[in-house]
There are 2 protein chains.
Amino acid sequence: MSSGQPLNPLPGDREPTLTIAQVAERTGLSHDTLRYYEKAGLIERVGRSTGNQRRYQAADLAWLEFLLRLRETGMSIADMQRFAALRAAGNATVPDRLAMLREHRAELADRIRVLRRNATVLDHKIDHYEQLLLDEHEYEYEQPGSEELT
Amino acid sequence: MSSGQPLNPLPGDREPTLTIAQVAERTGLSHDTLRYYEKAGLIERVGRSTGNQRRYQAADLAWLEFLLRLRETGMSIADMQRFAALRAAGNATVPDRLAMLREHRAELADRIRVLRRNATVLDHKIDHYEQLLLDEHEYEYEQPGSEELT
DNA sequence: GTAGAACCTGGAGCGCGCTCCAGGTCAAGC
DNA sequence: GCTTGACCTGGAGCGCGCTCCAGGTTCTAC
């Protein structure tokens, strides 16, 4: 990109658009990933400039942000493809989309629970190591036999 | 495995041991993964029967369980290798291990926070879809123009 | 003793989610 | 008009974390 903020030329359109570089910057996705997502059907074909360069609109960005939330919560590309296909198929698929989201939400809740449980295991281990260090200092340097399972 | 519970022959040892199949069953890891973890140095070389078959001891299992907690919380194999190497190097590495665990714990806390934030985004989306369905029924079948961004 | 299941090793292969590359076209400043 | 950087496409390549395979050995039940 250049300096300033170029209002990208539109293909005879109303709304201001973003180049792929600008979308990459805003979403944190790479250029390649953005093109890959489009090729994979996660996003519908983005509008083009007269010279065939991508011009993203606000709706594209909003959808990408939502996809990122799905990705961050561990949804696979394959499932996101399914979801995107349902969305592209129109309002009649709302029940299916709702079902997918509910299931994903439930799995997410499970994963959060597991992580929290594991977090307490880590805390115990950390406590254990801290105690080991304290004991060591107490006896002024090492103490074979105070070795534990870990 | 056969029926009954065979007390596996020990290599002239004290403690009861487990075969790889039994460890696989208890941990949920596959035979291949268990062998892979050993080859990768995540677990120290497991004891063998006279015929060179693995015989896991309680300490092996405990360590595996802890590794699983690390894995479930998203630690990479490479980091687990580092941790395992420190552990194998003895008590002098306790401060390093503690530092690793603390850092991992902090990252885990971040990831849980992100997941919880995303969970609320999902909840909003679900609410939105539910509302769409309600509206649809209200008007007795469809309603073009009630289409949203998603 | 023998059959069949369980196990061994070294190494190749795989699915996922990108990432990189080659060989071009397009756009903006001078 | 020219340069330089952003962008395009199709397809190959990669790192991770396993998973599978071939070819052989061991264990257990009968």
Side-chain angles (χ1 to χ4, degrees), chain A residues 1-11 17-43 45-56 60 64 67-84, chain B residues 1-11 17-43 45-56 60 64 67-84:
Chain A
M1 274 305 93
S2 57
S3 48
Q5 46 248 55
L7 292 176
N8 308 295
L10 326 173
T17 60
L18 297 171
T19 66
I20 196 170
Q22 291 169 323
V23 174
E25 193 183 351
R26 274 165 184 67
T27 60
L29 295 170
S30 72
H31 305 56
D32 275 325
T33 300
L34 283 168
R35 288 192 273 252
Y36 165 67
Y37 279 7
E38 188 177 335
K39 207 188 308 189
L42 294 191
I43 52 184
R45 183 177 165 82
V46 172
R48 308 289 157 131
S49 71
T50 53
N52 194 37
Q53 296 193 352
R54 286 172 180 80
R55 292 294 179 264
Y56 293 81
D60 296 323
L64 270 172
L67 279 183
L68 283 184
R69 301 292 80 73
L70 294 181
R71 186 184 77 164
E72 280 176 357
T73 50
M75 185 179 283
S76 68
I77 296 279
D79 280 351
M80 289 193 280
Q81 283 172 332
R82 271 186 277 283
F83 193 84
Chain B
M1 271 305 96
S2 57
S3 50
Q5 46 247 55
L7 291 176
N8 310 294
L10 328 172
T17 59
L18 298 170
T19 66
I20 195 169
Q22 291 168 322
V23 173
E25 192 183 352
R26 273 166 184 67
T27 60
L29 295 170
S30 72
H31 303 57
D32 275 325
T33 299
L34 283 168
R35 287 191 275 251
Y36 165 67
Y37 279 8
E38 188 176 338
K39 208 189 304 192
L42 295 190
I43 52 184
R45 184 178 166 81
V46 171
R48 308 289 158 132
S49 72
T50 53
N52 195 37
Q53 296 193 352
R54 286 172 180 78
R55 293 296 180 261
Y56 292 81
D60 296 322
L64 271 171
L67 279 183
L68 283 184
R69 302 289 82 74
L70 294 181
R71 186 184 77 164
E72 280 176 358
T73 50
M75 185 178 283
S76 68
I77 297 278
D79 280 351
M80 287 194 281
Q81 283 172 331
R82 270 186 276 283
F83 194 85

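The nucleotide whose nearest atom lies closest to any side-chain atom of A:Tyr36 is, among C:dC18, C:dA6, C:dC8, C:dC18.
Distances shown here put a side-chain N or O of B:Arg54 below 4.0 Å from the OP1 or OP2 atom of C:dT9. The side chain of A:Ser49 contributes no N or O atom lying less than 4.0 Å from OP1 or OP2 of C:dC26. Of the side-chain N and O atoms in A:Arg48, one or more sit less than 4.0 angstrom from OP1 or OP2 of D:dT9. Close to D:dC7, at under 4.0 Å from its OP1 or OP2, lies no side-chain N or O of A:Arg55. B:Thr19 has no side-chain polar atom (N or O) that falls below the 4.0 Å cut-off from OP1 or OP2 of C:dA6. The side chain of A:His31 contributes no N or O atom lying less than 4.0 Å from OP1 or OP2 of D:dA6. OP1 or OP2 of D:dT19 sits under 4.0 Å from a side-chain N or O of B:Thr33.
Distance CD (B:Gln53) to C1' (C:dA6): 6 Å, rounded to an integer number of Å. In this structure, B:Gln22 places its CD atom 18 Å from P of C:dA5, rounding to the nearest Å. Computed from coordinates, the A:Glu38 CD to D:dC8 C1' distance equals 11 Å when rounded to whole Å. Atom CZ in A:Arg45 sits roughly 11 Å away from atom C1' in D:dC8 (whole-Å rounding). Taking atom CG of residue B:Leu18 and atom P of nucleotide C:dA6, one finds them 16 Å apart after rounding to whole Å. In this structure, A:Leu34 atom CG and D:dA6 atom P are separated by 16 Å, rounded to whole Å. Here C:dG17 presents its P atom at 7 Å from CE of A:Met80, a figure rounded to the nearest Å. Atom CD1 of B:Ile77 and atom P of D:dT19 are 11 Å apart (whole Å).
Using a 4.0 Å heavy-atom cutoff across all strands shown, A:Arg35 reaches at least one base atom of the nucleic acid.
Here the closest heavy-atom approach between residue B:Leu68 and residue B:Thr27 is recorded as CD1-O, 3.5 Å. Between A:Leu67 and A:Leu42, the shortest heavy-atom distance links the atoms CD1-O, 3.7 Å. In this structure, B:Gln22 and B:Thr17 approach most closely via the heavy-atom pair OE1-O, 4.2 Å. When every heavy atom of A:Ser30 is checked against every heavy atom of A:Ala24, the shortest pair comes out as C-CB, 4.4 Å.
Between A:Tyr37 and B:Asp32, the residue anchored closer to the 5' end of DNA chain C is B:Asp32, taking for each the nucleotide with the nearest heavy atom. When each of A:Lys39 and A:Ile20 is assigned the nucleotide of DNA chain D bearing its nearest heavy atom, the one mapping closer to the 5' terminus is A:Ile20.
Within 6.0 Å of the CD atom in B:Gln81, the count of heavy atoms belonging to other residues, nucleotides or ligands exceeds 12.
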